[in-house]
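As structure tokens, the structure follows; a few thoughts come after it.
Naming: A, B, ... by sequence-line order, numbering from 1 per chain.
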Amino acid sequence: MKWFWCLFFALAPILAMAVSIASPGYGWWFPSEAASPLGQRIDDLFYMILMITTVTFIGTQIGLVYVLFKGARRTDADVNEKAWFSHGSHELEVIWSVVPAFILLFIALYQLDVWADYRVKNLFPREEMSKLLEEKLHQKRTEHDSLALAEVTARQFEWRIRYPGFDADGHLLPLMPEPQPTDLYAVNDLHMPVKVPVMINLKSQDVQHSFFLPELRVKQDAVPGLVIPVWFEANHQRSYALLCAELCGWGHYKMKAQLVAESDEAFLEYLHELHEQQFFDGVAAEEASDDEDE
Amino acid sequence: MNTRSTLIIASLGLLPMLGCGNSTPQFSNRQEFHELEPFAQEYVGEVLETYFGTPTESVAWEKLPLKFHYADTTVAGEPTGRKVQFSLTDAPTQIGSGTEVVFLTAEQRNLASARIREWDAETRTATFETKLANIPSTGASALIGPGAVLKDGRMLYAEHCQHCHGVSGDGAGPTAQYLNPRPRDYRLGKFKFTTTKYEHRAQRGDLARVIEEGIPGTYMPSFKLLEPAESEAIVEYVMWLSMRGELEYVLTTLLKEYASEYVAQRVADGESYEAIRDKFLADIQSGGMSDTVQEQAGYIAEAWAASQTPDALVEVKVKRIPSSPESIARGRQLFLDANIKCSQCHGEAGYGNGPQTYSMMPDADIPGLFDDWGNPIKPRNLHTGIFRGGRRPYDLFCRIRASVKGTPMTRLDALPDEDVWHLVNYVYSIPYEEEIAGAGKEAQAAAPAEAEPVQPEKEVASN
Ligand SMILES: [Cu+2]
């Protein structure tokens, strides 16, 4: 019976390893490969930590199993070995405090620049973003204007989106902190240019929500009363899931939306289309042009 | 030991059942129905069951102007026992392997039915699983997916809408009690935010827009990610529930003389209960009642069908007048006008606190306004910048021209288009008006000169 339990507990870590190795093959893994450059760096961090924990896990399990078998053998009738009394061993205490501390410190320092690039406003890829706005989208802006292309407001239970509109000459305006008569509105359908960093301003109208783009590895809480800038860059021209990752009420599961990453031209065209729809006055286009002819 | 473990396993098996009351869903009936004498209740229940069925076994009543089937089409080309081509202009995306097809004789009788094994959307040709019993002739009519739209609509409705709007569309699902405004009770056939004239019902497009965009400022969420075919199916189902509810409403109203209260009165006045009941049953026997049912259903069907035509839409003859200080001033003047009365409800400053919100309406127990569903209702605070029925100029034009249906909000049939546009421009300007008056310096500095920037200090809800 003794050896049965020893084997049993030795098998548990082996089984855990086997399941972990097999699981990606069964689709129990990340939602696709990271679809943004920052997401890839986040994945790299994740894999590094996974490696550290794997090595640690294997090491500690080997130690445990060794101790288990050794201890079990000592209880055999013919063995007369004494246990080693390690309590209060200064050396051991120092080793197992300092080694993990170094590992943790290393992780903390190593991830700093990914974190900073993601969250520190001054390190946002501002130049690329303003280049997009000025050169590709022809936005009329000053340096004081927001770099955000949309304001995303979470509410129970949907994502309301406000884009800046166009001026009388058809130039894209900058996004203002407060709603403007020219603004364009959408819901649950966020469009953004592809392969370039873009920024949104995240708000909440009621409770705490979380803006989650799983494939892009972007997750940011929306906090009532705060305007939180979030930047991301989608690698591929397609639509991605946009979810709420904070249990925000009974209808939390309903907050399913999409991010559509498309070319700059398609994005502008989308905004123009929204403009057409939103300023529709009930007079069909042909009739209207007839009127102008007269 | 053994018995105990079986007990535990058995009770674990029960757990999931306890949680989610898995009885089959039932249509509920309106209050007026329950006030009827049992014999009248039985009759109304039978009529509804015959023509509409139950939530799980619904009946596609051809009298109703609804799209029940994926396609109602005819046979084209050279049909064989296995392969049939159909004349369809565009192939509905839902058709695929497993879809049922029914071929009809000239008398609309079932000639043959079969399931599609392969569907070629390009040539609109179906290959069937089994050979057809009777090969239809070219030009014969056929239903692809008979009743399937209704069935799809029911599944989607149960998944997305039922917990708020209720199984029968009575707006009383389990989550409804926590919401204000209440989810819509479809059974009056009335919808608030439509582009149709006052006397008309909602168009399919109106319902689809509400479902896709949601109603900002209320708990009605957006279902933007539904496929177009899914959205269409839900719309048909909502209309179907609406028609069912309307028929129930009409019948219970017509049979009011058989309400328990009146019957008891008549019995007290000396009539015999049996005589009253027998007269009713005789009426049913003679077919008089079923004629009435058909007639009333016909009215409902006609009203819905008429509302789907372009003529039913609110007409705009004059293009929107661009917003300008003069137009806004004119709109403000109209808003305050004693005959137009906007400020009676919305208040002179548009905060939704006009005198009618605290005056007593006839037949009411508490002061204020009520909607047609009997719920207390507040005129909108126009400073929020939220437009529940949509923010297009056309939407606001329709609100002012044709009212928010089912609410006391006025409609202005006779006001010239120009004046309606002035009102619309004024309504648009209300969320920004304080700022225009007071702001200026900093607001102007932050934004480009051309944009006519307005930067309100207070929070304008961003919907
Ligand atoms: Cu949420």
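At a 4.5 Å heavy-atom cutoff, the contact between Y253(A) and chain B is made by side-chain atoms alone. Within the 4.5 angstrom heavy-atom criterion, no atom of A168(A) approaches chain B. Interface residue E158(A): only side-chain heavy atoms are found under 4.5 Å from chain B. Only the side chain of T175(B) comes within less than 4.5 Å of a heavy atom in chain A; its backbone stays farther off. For E315(B), no part lies under 4.5 angstrom from a heavy atom of chain A. Contact of V318(B) with chain A is made through the backbone alone, with heavy-atom distances under 4.5 Å.
Counting only distance, with no hydrogens or angles, the side chain of K254(A) and the backbone of F223(B) share no donor-acceptor pair below 3.5 Å.
By the 6.0 Å contact criterion, CH2 on W28(A) is open, its count of non-hydrogen atoms from other residues, nucleotides or ligands being 12 or less. Surrounding CZ of F30(A) are more than 12 heavy atoms belonging to other residues, nucleotides or ligands, all under 6.0 Å away. Atom NZ of K378(B) is surrounded by 12 or fewer heavy atoms from other residues, nucleotides or ligands within 6.0 Å. For E269(A), the CD atom is loosely surrounded, since the number of other residues' heavy atoms within 6.0 Å does not exceed 12. Within a 6.0 Å sphere centred on OH of Y26(A), heavy atoms belonging to other residues, nucleotides or ligands number 12 at most. Counted within 6.0 Å of CD on E33(A), heavy atoms from surrounding residues, nucleotides or ligands total 12 or fewer; the atom is thus considered open. Surrounding NZ of K131(A) are at most 12 heavy atoms belonging to other residues, nucleotides or ligands under 6.0 Å away.
The minimum heavy-atom distance linking V187(A) with E212(B) is given by the pair CG1-O, 4.2 Å. Taking every heavy atom of both residues into account, W250(A) and H163(B) meet most closely at CZ3-CE1, 3.1 Å. Heavy-atom minimum distance, Y432(B) versus P179(A): CE2-O, 3.3 Å.
The aromatic rings of Y394(B) and F280(A) lie perpendicular to each other, with more than 60° between the two planes, well past the 30° mark.
Summarising the geometry, atom CZ belonging to R160(A) is positioned 7.0 Å from atom CD belonging to E213(B); distances are rounded to the nearest 0.5 Å. Remark: F279(A) CZ to R391(B) CZ distance equals 8.5 Å, nearest 0.5 Å. Residue R392(B) holds its CZ atom at 8.5 Å from CD of Q277(A), rounded to the nearest 0.5 Å.
Between S222(B) and W159(A) there is no side-chain heavy-atom pair separated by less than 4.5 Å.
A side-chain contact (heavy atoms from CB on, under 4.5 Å) with V283(A) holds for exactly one of K319(B), R320(B), K317(B); it is K319(B).
When N188(A), D281(A), D189(A) are compared by the number of non-hydrogen pairs under 4.5 Å with chain B, D281(A) comes out ahead.
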